[in-house]
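Every number for a ligand or one of its atoms is a count from 1 in the order of the listing. As the structure is a prediction and not an experimental result, all values here were calculated from the model.
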Amino acid sequence: MFDLIMKNAALPDGRRNMDIACQGGKIAAVERTITAQAGEIIDANGQLVAPPFVDPHFHMDATLSLGTPRMNISGTLLEGIGLWSELKPIQTIEDIVERALSYCDLAVSMGMGAIRSHVDTCDNDLKGVQALLHVRETVKDYLDLQLVAFPQDGVLRDPTAMDNTIRALDMGVDIVGGIPHFERTMSQGADSVRILCEIAAERGLMVDMHCDESDDPMSRHIETLAYETQRLGLQGRVVGSHLTSMHSMDNYYVSKLIPLMVEAGVNAIPNPLINIMLQGRHDAYPKRRGQTRVRELRDAGITIGFGSDCVMDPWYSLGRADMLDVALMGLHVGQLSSREDMAWCFDAVTKNSARIMGLDGYGLDLGCTANFNLLQASDSLEAIRLRAHRLAVVRKGRVIAKNAPINTEMRLDGRPSLVNPAAYSPNV
Ligand code: FE2
């Protein structure tokens with residue numbers, strides 16, 4: 001007798017007609033046919049069952065604040081940072097908690113299982129930190145929330161940011177963040193990378209730094225981040241987020257840089273929706289896309305997760321917590337159009353991001369935590385194509401969200417029919 005059995009599932013690795021049994025919050029069996037009884041049995045009807053979506057880069061303290069106190073008119077990163085500075089003093093801890101919990105509900109309904117959120121530490125009251133520590137505890141049974149201490153205004157540029165960032169870590173924020181390209185000079189940016197990596201090494205923490213998020217081809221902070229990672233023995237624990245400058249860098253320089261990143265075991269998190277919107281704003285035509293060199297980094301062996309970064313905040317007015325939107329945009333901007341590349345884009349919002357975040361028990365293997373989604377799609381490529389409807393969200397072996405399948409009733413003259421967006425299969 002199991003708690004739940006999901007029958008007749010397609011899995012992301014290509015296996016079909018598989019049954020998954022859950023017991024005590026864990027995956028207890030993954031077999032062709034499981035005949036045992038269960039408290040609840042769901043027929044997947046051959047559709048995709050995949051581990052939860054993982055968002056490795058988000059800003060939960062700012063989410064759902066769109067329009068407060070005003071809109072970002074220029075659409076640039078820098079106006080967004082300015083607008084956020086106007087919002088910070090007028091928002092309360094309760095405001096942030098309310099918006100963050102609303103977002104978590106939305107995210108879970110979209111099949112999200114884990115989020116790494118940066119939280120601004122340039123605030124003497126640390127309102128965002130207090131709010132998100134509370135939210136992390138509130139949602140822990142169904143959503144893994146990792147927090148990054150993020151000195152948005154520059155850990156050296158802002159006079160109290162260093163003390164406040166250390167206070168945030170003392171309060172229980174998990175990861176050390178930074179923003180070297182926003183410091184006053186290139187050399188202060190490099191200093192900030194060194195100092196923050198030393199803090200992480202002393203405390204045994206991971207590092208996730210906004211790094212070279214600009215169109216400046218001379219921005220070199222990822223080089224420093226790779227160097228400090230190696231010097232301090234932080235291999236595998238460090239992320240360069242955004243890395244958009246790499247798009248514009250000289251090719252010869254990048255041919256040296258990527259092997260340095262590989263040596264250091266630095267992971268990369270591009271944020272396709274945001275950076276296709278923000279980058280190249282100072283360009284006439286041709287206009288740069290600005291997304292980092294995803295294919296080249298991946299082919300060199302660097303682990304890449306796609307992040308969503310923002311939903312309805314000073315930097316981005318759209319978004320719906322759908323990591324399939326993120327995968328779709330990353331696929332297009334990176335021209336990752338082969339079937340293998342598209343399947344990899346699904347991995348970039350699931351298992352690769354889980355690896356970067358160091359999530360325990362993630363996946364569909366025996367003994368993993370029984371967390372998975374049933375999607376209205378036959379495989380991971382179709383899931384991206386359709387931004388597939390979430391039919392069921394299972395956490396710790398229990399259905400915590402469900403939807404009826406989309407079947408649109410058509411009333412065309414003399415030709416009534418049902419249209420199911422997942423009913424068209426390619427001849428491949
Ligand atoms: Fe970000």
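- Between the side chain of Arg16 and the backbone N or O of Ala9 there is no donor-acceptor pair closer than 3.5 Å.
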In sequence, state the C-alpha distance, the side-chain angles, and the governing distance for Asp158 and Gln152, and then conclude on side chain to side chain contact (heavy atoms under 4.5 Å, CB included).
CA-CA 9 Å; Asp158 180 275; Gln152 169 81 71; over 6 Å; no

Checking His242 against Asn275 for the side chain to side chain donor-acceptor pair (under 3.5 Å) test, could you report, in this order, the C-alpha distance in whole Å, the side-chain angles of both residues, the deciding distance, and whether it holds?
CA-CA 8 Å; His242 294 286; Asn275 288 128; 2.8 Å; yes

Sequence neighbours excluded and cut-off under 3.5 Å, please list the side-chain donor-acceptor pairs for residues 343-359, or say none.
residue : atom : partner : partner atom : Å
Thr350  : OG1  : Phe346  : O            : 2.8
Ser353  : OG   : Ala348  : O            : 2.7

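- For the pair Arg157 and Phe182, the cation-pi criterion (under 6.0 Å, within 45° of the ring axis) is fulfilled.
- Near the Fe ion (ligand 1), less than 2.8 Å away, sit the protein N, O or S atoms His57 NE2, His59 NE2, His210 NE2, Asp309 OD1.
- Figure legend: Lys256 and Tyr253 shown without cation-pi pairing, the cationic atom not lying both under 6.0 angstrom from the six-membered ring centre and within 45 degrees of its axis.
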